[in-house]
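See below for the structure under consideration.
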Amino acid sequence: MRKAVWTAPARDDLARVDDFYAAIDPAYADRAGRAALEAGRFLADFPLAGPIVENDLRKWCVPKTRFVIVYRVAEDGVQILRVRHGRENWLAQP
């Protein structure tokens with residue numbers, strides 16, 4: 001079975017998103033977190049789904065959110081490196 005491995009920075013990013021939106025719109029914070037986790041599971045099954053953006057880095061837009069997952073294809077799935085807002089300079093920060 002393929003898996004999505006979330007790096008410490010990616011987990012920190014998810015926590016940052018949750019902290020920020022929980023104060024503004026708790027329901028959106030919950031939806032965004034669930035959508036990101038679901039996107040990670042999707043990418044584990046379909047690791048080549050996202051386009052290559054630099055070297056071996058790929059991106060995937062988290063459905064129904066403004067967030068992008070930056071990831072790398074691994075031998076047994078994907079390694080999720082970051083979760084960034086689409087308007088951030090996410091490519092400079094993997």
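Scope of the values below: all heavy atoms of this structure, side chains included, with no hydrogens, waters or symmetry mates.
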Between [X] and [Y], which heavy-atom pair has the shortest distance, and what is it?
X	Y	value
Gly40	Ala4	O-CB, 3.4 Å
Pro47	Val73	O-CG2, 3.5 Å
Leu43	Ala49	CD2-CB, 4.4 Å
Pro9	Leu81	CB-O, 3.8 Å
Ala74	Arg2	O-NH1, 4.4 Å
Leu37	Leu14	CD2-CD1, 4.1 Å

Would you indicate whether the side-chain heavy atoms of [Y] and [X] approach each other to under 4.5 Å?
X	Y	result
Arg82	Lys59	no
His85	Phe67	yes
Arg16	Asp13	yes
Phe42	Val62	no
Asp76	Lys3	yes

Is a donor on one side and an acceptor on the other found under 3.5 Å between the side chain of [X] and the backbone of [Y]?
X	Y	value
Tyr71	Gly50	yes
Tyr21	Gly33	no
Arg84	Val70	no

Problem set entry | Contacts of Arg72 that satisfy side chain to side chain donor-acceptor pair (under 3.5 Å) - sequence neighbours left out |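 Checked Arg72 against side chain to side chain donor-acceptor pair (under 3.5 Å); matches are Asp56, Gln79.
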
